[in-house]
Amino acid sequence: MTFVEYLTQVRIQKSKYLLKMSSLPIDAIAHKTGFSNAGYFATIFKRLEGKTPTEYREMFQKLYS
């Protein structure tokens, strides 16, 4: 694993936590976790997690409601 791959994994893990535990907008989470824009964040997130950030958040909202 390269440093960039590792850094991306760390950023995605942090964003998953924020998606679950906060109501911050997706673009704010992208910015907070070091992604240059929300579109790039969503692309990388979907590639690694198999869901968009919105789909991921909705999955947890249904569990906790």
Side-chain angles (χ1 to χ4, degrees):
M1 177 183 288
T2 68
F3 175 72
V4 173
E5 291 169 334
Y6 172 76
L7 184 58
T8 300
Q9 287 288 335
V10 170
R11 288 175 171 167
I12 291 297
Q13 291 303 316
K14 172 86 172 164
S15 69
K16 286 168 62 176
Y17 174 80
L18 291 171
L19 287 165
K20 281 190 266 187
M21 306 307 274
S22 77
S23 59
L24 288 171
I26 303 294
D27 60 334
I29 291 173
H31 199 69
K32 201 173 198 53
T33 54
F35 288 92
S36 56
N37 65 62
Y40 180 67
F41 166 63
T43 299
I44 298 300
F45 192 95
K46 182 159 186 171
R47 184 182 306 146
L48 295 176
E49 297 300 318
K51 296 179 180 341
T52 65
T54 302
E55 291 168 340
Y56 185 83
R57 173 177 270 168
E58 287 171 353
M59 185 175 70
F60 287 96
Q61 286 176 340
K62 289 175 186 169
L63 287 175
Y64 296 122
S65 57

S.K.: Any non-hydrogen side-chain atom of P25 less than 4.5 Å from a side-chain atom of H31?
M.R.: no
S.K.: Would F35 end up clustered with F3 when hydrophobic side chains under 4.5 Å apart are linked, directly or stepwise?
M.R.: no
S.K.: Quick check: do F60 and L19 have side-chain heavy atoms less than 4.5 Å from each other?
M.R.: no
S.K.: Search all heavy atoms of F45 against all heavy atoms of P53 and return the closest pair with its distance.
M.R.: CD2-N, 3.6 Å
S.K.: Determine the minimum heavy-atom distance between A30 and A38, stating which atoms define it.
M.R.: CB-CA, 3.9 Å
S.K.: Do L18 and Y40 belong together in a cluster built from hydrophobic side chains that touch within less than 4.5 Å?
M.R.: yes
S.K.: If you round to the nearest 0.5 Å, how far is OG of S15 from OH of Y56?
M.R.: 8.0 Å
S.K.: Is the shortest side-chain heavy-atom distance between Y17 and I29 below 4.5 Å?
M.R.: no
S.K.: Hey, what do you get for CG (L24) to OG1 (T33), rounding to the nearest 0.5 Å?
M.R.: 10.5 Å
S.K.: Is any side-chain heavy atom of R57 less than 4.5 Å from a side-chain heavy atom of I26?
M.R.: yes
S.K.: Does L48 reach the side chain of T8, with side-chain heavy atoms less than 4.5 Å apart?
M.R.: yes
S.K.: Quick one: list whatever passes salt bridge (Lys or Arg N to Asp or Glu O under 4.0 Å) with E49, sequence neighbours left out.
M.R.: K16
S.K.: Under the side chain to side chain contact (heavy atoms under 4.5 Å, CB included) rule, collect the residues that match up with Y6, sequence neighbours excluded.
M.R.: M1, V10
